[in-house]
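Below is one structure, written out as structure tokens, with a few remarks after it.
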Amino acid sequence: MHAESLLELLRGRFSAAIGDILNQPAEQIDPIVRPSADSRFGDYQCNAAMSLARAAGCKPRELAERIAARVRLDDVAEAPEIAGPGFINVRLRDDWLASRIGGIPQAGAADRLDIPPRARVQRVIVDYSSPNIAKQMHVGHIRSTIIGDVIARVLAFLGDDVIRQNHVGDWGTQMGMVILGIWHVFRLETGGRCADAAALVGHFAAAAAEVGAGADPAARRARLVALGEEMSQALSTERSAEWGKWLGEFEAGRTRIAATLEVLTSAYRFVNAVEDAPESAEIGVRDPLRSRPVPLARLSNHIVAEMLHARHEEELHAWRIAREVSLRETQSMYERLGVLLRPEDVCGESFFHDRLEATVAELRGRLIERDRSQPAAAPYGVVRDDHGAVCVFLYDEKHEPQFRNPDGEALPLLIRKSDGAFLYATTDLAAVRYRIEELGARRLIYVTDARQVQHFRQFFAAARAVGWACHEVSLEHVTFGSVMGEDRRPLKTRSGATIRLSELLDEAEERVAAVIRDRQSAVGAEAADAEVRSLARAIGVAAVKYADLKNDRNSDYVFSWDKMVALQGNTAPYLLYAYARLRSILREAAADGGPQHRDAASASAAEIVLGHTAERALALRLLRFREALAVVAADLTPHVLCSYVYDLSSDLTQFYEACPVLKAPDARTRDSRLRLCDLTARTLKLGLELLGIQPIERI
RNA sequence: GCGCCUGUAGCUCAGCCGGACAGAGCAGCGGAUUUCUAAUCCGCCGGUCGGAGGUUCGAAUCCUCUCAGGCGCGCCA
């Protein structure tokens, strides 16, 4: 197993040579070694001579000569060549490439090719996916889920101690709406108004329409007043016994209407429509425990506040039911997507809610006013109350606000609302502390959309100011752009509704199935329907994921069905096909073993011969895998890995066209090529797996 | 108003911590098939890198200004 990549090796050699020449420690020198853009200039180039010439007191070309004469490369490369103003071109020796390829160990139980795990293990948190579980997962959740998963996989593969954290939204007002929705289910079910789930869902849809924006205002108002009257019973303690008993039945599945996500979602939509209606702000709901009525528009909010104090056991019970149902659905979506998140990675808002009070208290105690007559030693924060809200104001060393509002005034980070409720900044701060102090994290990675940059900057600054995140801890916000439709607007259905993730995957599968059937009728082949469906399932998910990953994550990406399921170009089907072709060769090699039995296994010890340029290009590409991984891990850019597997597949198909394997001219060539196939298959498989894409053995 | 992101070929995008004539894919045109899976490969066509200055031996890349688009800017997350 080699400790370093080709790039690292050459970098080390050039640093040493330049260090000698300039009489400086090699570690302080950036030798500017890059892969060559054009193969005519060799495989790698050192560009340091031009920039260092002045410091060395000679002409760039002259310095290049000296470096080239000094650098020790004879064991790995041809004699370096100097070109242009002072480029030093390096062409690796074919026999060295061959021996290096030959040094890649055979596949073990967990195949890591020749890539050693990092020497220095650090604990890394990857916070990703994090949906609000009051609603079904939709396209808005896909990017964080998919991108975060790749980051977690790559870092874990390279040897980091990765802890996945799914910071689900399971405690906010929206969960209050679901709870209130369940209460409505209870009323309707026990009132005998809805016989089954279908009737109930229909009822909620109709009732939501009655209070929606399209309804007649007078009728709407009357309806809302009646609802407000009815809902006051939701706050009444006398009904607790019946409501509590029913919840037990509901949870156990003994009610006529089962606790499914569909039921809960329709109930949620209804409550949401009620609270969103313009009149709801003025309509009061009588609370027997309070002198003042609660505005209908804020009833869910109120219920969450009540829950917080655990005053109503029933609401907590309803919350648990809603959470369970929703998380089950979320988990099955992760499984369908092939995402590694498990139930035990869920650590959401509810986990932190009883730490929030202390979080605010501690911030208040530690972020105190500073003496402004002297510059501060570092950026700092100050907690102040403003209009009843608790705010963290963040300043730089010169006491200038780090953040400003549209009027140019200091923009605080709110950690407690004037009504006493906490905000997501509070939870994020409680979580950052938990992750550093209790989970021992040294690198915290948050995968969320780019619109939240300001929030992350603020709360990172606050976490630093209060001292929970010291300098050794890295806080990283991994941003990504939006998913756009082909009309350049955020992706929606034709009617303007958000697209559920399950619908998206269904459609992907259908489209892939159509493409497969197309192909087959073109070729005159016929496959069993079940086979087409199972292929479509695998390729459909792969296509969606790959399309999301292949572009630089920061740019908005244009969602195109035709492009993602295309069989040509940089797409998942192309990659999977390349892999399947390889597997096919390796299978046949194993099958026609014969007396010599030159199957994949025995070939994996064969000597590598790089006679053809396509073989050489493939070999070099294989050895560059870890360069790609290093970039992905450092910059958290999955698209670099996509580019790599595409380039590898591209090199492979060129090799495939030019170099017969099973029909190779002689046994030595055949074994060498078989081994190249084996290594390419393993590299491609590993690359795809790190992208969260399951390779397919046969297409 | 301030801040962040994005402008590269007809389309979708790489390249952006400075390096050789700016690269892919798709689309278009022309070739290759008694296939180790043609869901492939090869060739051609196609670009004032939004614009203008500046720094540099060298700028798509760094700086300044500017134009265009998107997003964000205290009690939602």
Side-chain angles (χ1 to χ4, degrees), chain A residues 30 32 34 36-38 40-41 45 47 50-51 53-54 59-60 83-87 89 130 132 169 172-174 349 386-391 403-419 421 423-425 427-428 448-455 457-458 479 481-482 484 486 488 490 515-516 518-519 522-523 539 550-552 554-558 560 562-563 566-571 573-574 576-578 580-589 592 635 639-640 642-643 646-647 650 653-654 656-664 670 673-674 677 698-699:
Chain A
D30 179 3
I32 322 186
R34 303 280 131 93
S36 299
D38 190 320
R40 281 179 308 157
F41 303 134
Q45 56 184 242
N47 300 337
M50 283 91 78
S51 54
R54 185 166 297 181
K59 293 201 165 107
F87 298 106
N89 293 329
S130 309
N132 188 312
T173 303
Q174 292 186 324
E349 292 173 340
D386 192 47
H387 296 89
V390 183
C391 303
F403 305 94
R404 291 176 190 277
N405 68 16
D407 299 327
E409 297 155 354
L411 175 74
L413 179 69
L414 265 74
I415 51 173
R416 185 160 212 173
K417 302 204 289 187
S418 52
D419 68 1
L423 295 108
Y424 81 140
T427 312
D428 280 336
T448 83
D449 70 281
R451 289 177 302 195
Q452 298 188 47
V453 278
Q454 181 162 279
H455 164 72
R457 278 196 199 148
Q458 283 191 301
T479 56
S482 314
M484 304 298 217
E486 294 192 71
R488 297 307 183 123
V515 169
I516 293 172
D518 250 30
R519 258 330 294 164
V523 177
I539 300 176
K550 77 187 266 276
N551 292 339
D552 175 79
N554 258 332
S555 46
D556 293 344
Y557 102 85
V558 178
S560 161
D562 293 338
K563 290 203 170 93
L567 306 172
Q568 295 105 354
N570 192 356
T571 66
Y574 175 89
L576 292 171
Y577 180 67
R581 285 168 108 192
L582 268 180
R583 294 301 308 162
S584 172
I585 291 180
L586 293 168
R587 269 196 306 272
E588 284 198 37
D592 75 345
D635 300 344
H639 81 280
V640 171
C642 292
S643 296
Y646 177 66
D647 289 340
S650 205
T653 48
Q654 284 166 51
Y656 186 95
E657 294 287 325
C659 304
V661 179
L662 299 176
K663 294 174 192 159
R670 182 188 130 118
R673 287 180 179 171
L674 260 182
C677 286
R698 206 183 290 263
I699 291 182

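Letters A, B, ... are given to chains in the order of the sequence lines, protein chains preceding strands, and every chain is numbered from 1.
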Picking from C76(B), G19(B), U12(B), which would you name as closest to the side chain of Phe87(A)? G19(B)
Counting the atoms with a prime plus P, OP1 and OP2 as sugar-phosphate, which does Ser36(A) contact under 4.0 Å by heavy atoms, base, sugar-phosphate, or nothing? nothing
Are the side chain of Thr427(A) and the backbone N or O of Glu349(A) linked by a donor-acceptor pair below 3.5 Å? no
Quick one: label Cys642(A) by what it contacts on the DNA or RNA (base, sugar-phosphate, nothing), any heavy atom closer than 4.0 Å. nothing
Please work out if Ile32(A) contacts a base, only the sugar-phosphate, or nothing of the nucleic acid, heavy-atom cut-off 4.0 Å. nothing
Nucleotide forming a Watson-Crick or wobble pair with U56(B), both distances under 3.5 Å: none
Looking only at atom P, what distance separates C45(B) and C5(B), rounded to whole Å? 38 Å
Value for OG (Ser643(A)) from CG (Asn570(A)), rounded to nearest 0.5 Å, stands at 6.5 Å
Less than 6.0 angstrom from the centroid, inside 45 degrees of the normal: does Arg581(A) satisfy that with respect to the ring of Tyr656(A)? yes
C2(B) pairs with which nucleotide, Watson-Crick or G-U wobble, both distances below 3.5 Å? G72(B)
Could you check which nucleotide pairs with G30(B) in any of the strands shown, counting Watson-Crick or G-U wobble with both distances under 3.5 Å? C42(B)
Partner of A22(B) under the Watson-Crick or G-U wobble criteria, both distances under 3.5 Å, comes out as none
ring-ring contact (aromatic ring centres under 6.0 Å, His included) with Phe41(A): which residues, sequence neighbours excluded? none
Distance between C1' atoms of C2(B) and G74(B) (Å, rounded): 15 Å
Pairing partner (Watson-Crick or G-U wobble, both distances under 3.5 angstrom) of C17(B): none
What one-letter contact string describes nucleotides 1-9 of chain B from 5' to 3', where B marks a base within less than 4.0 Å of any protein heavy atom, S marks contact via sugar-phosphate atoms alone, and - marks no contact? B--SS----
In this structure, CD1 of Ile585(A) is separated from CZ of Arg673(A) (nearest 0.5 Å) by 10.5 Å
Applying side-chain contact (heavy atoms from CB on, under 4.5 Å) to Ile32(A) and Met50(A), what does each step give before you reach the verdict? CA-CA 10 Å; Ile32(A) 322 186; Met50(A) 283 91 78; over 6 Å; no
Reckon Cys391(A) touches a base, only the sugar-phosphate, or nothing at all at heavy-atom distances under 4.0 Å? base
Gap between atoms CD1 and P, on Ile415(A) and C76(B) respectively (whole Å): 15 Å
Would you classify Asp647(A) as touching base, sugar-phosphate or nothing, given that sugar-phosphate means primed atoms plus P, OP1 and OP2, and contacts are heavy atoms under 4.0 Å? nothing
Between the base of A77(B) and the side chain of Gln452(A), is there any donor-acceptor pair under 3.5 Å? no
Return yes if a side-chain donor-acceptor contact under 3.5 Å exists between Ser482(A) and Asp449(A), otherwise no. no
CD of Glu588(A) to CG of Leu662(A): how many Å apart, nearest 0.5 Å? 6.0 Å
Just checking Tyr424(A): base, sugar-phosphate only, or nothing, at a heavy-atom cut-off of under 4.0 Å? base
Describe the nucleic acid contact of Ala658(A) in one word from base, sugar-phosphate, nothing, applying a heavy-atom distance below 4.0 Å. nothing
Checking all strands, does Glu349(A) fall into the base, sugar-phosphate, or nothing category for heavy-atom contacts under 4.0 angstrom? sugar-phosphate
Please indicate whether Lys417(A) has more than 12 foreign heavy atoms, meaning atoms of other residues, nucleotides or ligands, lying under 6.0 Å from its NZ. yes
In whole Å, measure the gap between the P atoms of C16(B) and G23(B) for me. 14 Å
When the C1' atoms of A9(B) and C29(B) are considered, how many whole Å apart are they? 16 Å
Under 4.0 Å, counting only non-hydrogen atoms across every strand here, what does Thr653(A) touch: a base, just sugar-phosphate, or nothing? sugar-phosphate
Given G19(B), C75(B), C26(B), identify the nucleotide with an atom nearest to the side chain of Leu423(A). C75(B)
Expressed as a whole number of Å, how far does the C1' atom of U34(B) sit from that of G30(B)? 24 Å
Students often get this wrong, so: under 4.0 angstrom with heavy atoms, is His639(A) touching a base, only sugar-phosphate, or nothing? sugar-phosphate
Let's see if you can work this out: which of A20(B), U12(B), G74(B) has an atom nearest to the side-chain heavy atoms of Gln45(A)? A20(B)
Asp428(A) near the nucleic acid: base, sugar-phosphate alone, or nothing, with a heavy-atom cut-off under 4.0 Å? nothing
Which value, in whole Å, describes the distance between the C1' atoms of nucleotides G58(B) and A14(B)? 22 Å
Work out how far the C1' atom of U12(B) is from that of C73(B), and round it to whole angstrom. 32 Å
C1' gap between A22(B) and G47(B), integer Å: 8 Å
Just wondering, more than 12 heavy atoms not from Arg404(A) lying within 6.0 Å of its CZ? yes
Sort out the partner of C49(B) for me: Watson-Crick or G-U wobble, both distances under 3.5 Å, none otherwise. none
Touch check for Val558(A), heavy atoms < 4.0 angstrom, all strands: base, sugar-phosphate only, or nothing? sugar-phosphate
Sugar-phosphate, base or nothing in reach of Tyr656(A), heavy atoms under 4.0 Å: base
